[in-house]
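Following: one structure in structure tokens, then a few remarks.
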2 protein chains.
Amino acid sequence: MDKKEEILKTALKLFVEFGFHATPTSKIAKEAGIANGTLFHYYKTKDELILALYAHTKSRLTEYMYANASKDESLELVFKSIYTNTIEWAQENKAEFYFIQQFSTSPFYGLISPEEITKQAKPHLDFLQAGIKAAVLKPLPVDMLYTLINSHIAGINQYLSSEEFSTAKQKKIINESFQLLWDMIT
Amino acid sequence: MDKKEEILKTALKLFVEFGFHATPTSKIAKEAGIANGTLFHYYKTKDELILALYAHTKSRLTEYMYANASKDESLELVFKSIYTNTIEWAQENKAEFYFIQQFSTSPFYGLISPEEITKQAKPHLDFLQAGIKAAVLKPLPVDMLYTLINSHIAGINQYLSSEEFSTAKQKKIINESFQLLWDMIT
DNA sequence: ACATTTGTAGACTGATTAGTCAATCATTGT
DNA sequence: ACAATGATTGACTAATCAGTCTACAAATGT
């Protein structure tokens, strides 16, 4: 078993349930079934663990977002695929997605360098920029477009999480909300 | 001077800057210029302080949202007034708005009873429901509409905070983004 | 075979924390 | 004037926390 992975998994679960403030490293180690010192062997400080967890989780999401996105399709279809993938991942990994939001809306986010943030957003911004250039997307500032899309997704995810929808109903909502978003930005 | 108010003000500032985990009550008391015991005189526990701060801040926002909203105007104008008010408040009270988001995306939010949350959202949902009934807003589920609007506002606020815009430019962005939202939901 | 690095353990520590307490001080009502 | 209640203080405590340390085990390279 991979202890490093185990630590991240446990930390995620506890941070989401109790928050950063109420999740001691000792509790993480205990629940992960390892010794206290082992945790600090892999992560020098608690902050480092939190940052690593964020980077790890965020990259898992990003990876999933672009899955099955063949470049042959129309921009709309590629965009819809990314949109759908993101929401699907969020629904299937609720704790992970929640953690990303929790982290992003906390002072920890300030520990990430602006360069890193820019680097993370780059592919998405490039994609949107291409859409604008191709006159498919409205000529809005890309940053604005990006933020608008992100928050739309966060909103729909929140809505989907607020009630128990059947899979069919979920798909319907995702399709409908995509159309709303698409009409808004094209 | 009102000590209770002073405590909230200081706590807000510190929570936003350092987070819940890294803001000891002793620091709050010190920075607020009061004794340690005084803080616990007004708020029995740290959690109680955090919850009170959220309730206080949230109600200040809600109050401002509906300011100058005369019932005589068209639904669009009233809606736009609420929209504009909210973003203006968020921009003029960045720490407060950020705190609301920080709190909402943390396990503390779970300490608020579902009834309280429902009660808070009630007026907004009623307003939207009326808009649907009047066939002005699309017949989407109100909860969905509500979440969509909320996240849209959060997004625009984030965009406005990401750069330094002139007041004129800001107003232009708010008008434009309102139009995007309005077209989406009507 | 042996040496060196890397992983793992868990008792331990120094610092910090939320919250208490007993003692004053201020305000109010009678 | 005088209770009585509430406000304020800051030293104090018991618990907890992040992180260290020493010792040992496993793996890896030579």
Side-chain angles (χ1 to χ4, degrees), chain A residues 1-57 95 99 102-113, chain B residues 1-57 95 99 102-103 105-112:
Chain A
M1 66 181 108
D2 189 350
K3 311 235 168 187
K4 224 172 156 177
E5 197 79 24
E6 191 66 28
I7 293 169
L8 290 182
K9 210 180 90 189
T10 309
L12 176 89
K13 187 187 142 204
L14 294 175
F15 285 147
V16 165
E17 186 172 357
F18 302 109
F20 301 116
H21 67 291
T23 306
T25 51
S26 57
K27 202 170 173 182
I28 298 170
K30 202 174 184 178
E31 189 120 344
I34 57 156
N36 218 294
T38 307
L39 187 150
F40 285 97
H41 175 71
Y42 289 109
Y43 305 98
K44 276 193 275 294
T45 64
K46 189 183 180 180
D47 278 19
E48 191 178 306
L49 165 62
I50 293 173
L51 288 170
L53 179 57
Y54 174 71
H56 177 255
T57 311
F99 175 78
Q102 184 183 6
F103 179 94
S104 304
T105 322
S106 84
F108 283 111
Y109 192 67
L111 297 180
I112 298 178
S113 70
Chain B
M1 66 182 105
D2 190 349
K3 310 234 167 185
K4 226 173 155 178
E5 197 78 23
E6 190 67 28
I7 293 169
L8 290 182
K9 210 181 90 190
T10 310
L12 175 90
K13 188 187 141 204
L14 294 175
F15 285 147
V16 164
E17 186 171 357
F18 302 109
F20 301 115
H21 66 291
T23 305
T25 52
S26 57
K27 203 172 173 182
I28 297 171
K30 202 174 184 178
E31 190 122 343
I34 57 157
N36 218 298
T38 307
L39 188 150
F40 285 97
H41 175 70
Y42 288 110
Y43 305 99
K44 276 193 274 295
T45 63
K46 189 182 180 182
D47 278 19
E48 192 179 305
L49 166 61
I50 293 173
L51 288 170
L53 178 56
Y54 174 71
H56 177 256
T57 311
F99 175 76
Q102 184 184 6
F103 180 93
T105 323
S106 83
F108 282 111
Y109 192 68
L111 296 180
I112 298 178

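Chain naming here is simple, since letters A, B, ... match the order of the sequence lines and numbering starts at 1 in each. Note that this is a predicted model, so its numbers are computed, not measured.
For A:Glu31, the side chain to side chain donor-acceptor pair (under 3.5 Å) partners two or more places apart in sequence, or in a different chain, are A:Lys13. Legend: residues meeting side-chain contact (heavy atoms from CB on, under 4.5 Å) with B:Thr57, ordered by chain and number and at least two apart, are B:Leu12, B:Leu53, B:Trp89, B:Glu96, B:Phe99, B:Ile100. Legend: residues meeting ring pair (Phe, Tyr, Trp, His ring centres under 6.0 Å) with A:Phe20, ordered by chain and number and at least two apart, are A:Phe15, A:Phe108.
With contacts defined as side-chain heavy-atom distances shorter than 4.5 Å, the pair B:Ile28/B:Ile34 does not qualify.
Between the OG atom in A:Ser104 and the CD1 atom in A:Ile112 there is a gap of 7.5 Å [rounded to 0.5 Å].
A:Glu48 places its CD atom 15 Å from the P atom of D:dA18, with the value rounded to the nearest Å. For the pair A:Lys30 NZ and C:dA11 P, the interatomic distance rounds to 11 Å; values are reported in whole Å. At whole-Å resolution of the value, CG in B:Leu49 and P in C:dG19 are 10 Å apart. Between B:Lys44 atom NZ and D:dG6 atom P there is a gap of 13 Å when expressed in whole angstrom units. A straight line from NZ of B:Lys27 to P of C:dA18 spans 11 Å, rounded to a whole angstrom. Between the C1' atom of D:dA7 and the CG atom of B:Asp2 lies a distance of 12 Å, rounded to the nearest Å. Between A:Ile28 atom CD1 and D:dG19 atom P there is a gap of 11 Å when expressed in whole angstrom units.
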Report summary line: Whether each nucleotide of nucleotides 9-17 of chain D has a protein heavy atom under 4.0 Å at its base (B), only at its sugar-phosphate (S) or at neither (-) is summarised, 5' to 3', as BB------S

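Evaluation of the side-chain hydrogen bond (donor to acceptor under 3.5 Å, both in side chains) test over residues 37-47 of chain A, restricted to residues two or more places apart or in two chains, returns none. Here side-chain hydrogen bond (donor to acceptor under 3.5 Å, both in side chains) pairs that include residues 20-29 of chain A, with residues two or more places apart or in two chains, number zero. Listed by first and then second residue, the salt bridge (Lys or Arg N to Asp or Glu O under 4.0 Å) pairs involving residues 15-25 of chain B amount to none (not counting sequence neighbours).
The phosphate of D:dT8 (OP1 or OP2) has a side-chain N or O of B:Tyr42 nearer than 4.0 angstrom.
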Requested in this report: Verify side chain to side chain contact (heavy atoms under 4.5 Å, CB included) between B:Thr10 and B:Glu6, making sure each step is shown before the conclusion.
Outcome: CA-CA 6 Å; B:Thr10 310; B:Glu6 190 67 28; 4.1 Å; yes

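Near DNA chain C, defined here as any heavy-atom distance below 4.0 Å, there are no residues from residues 7-21 of chain B.
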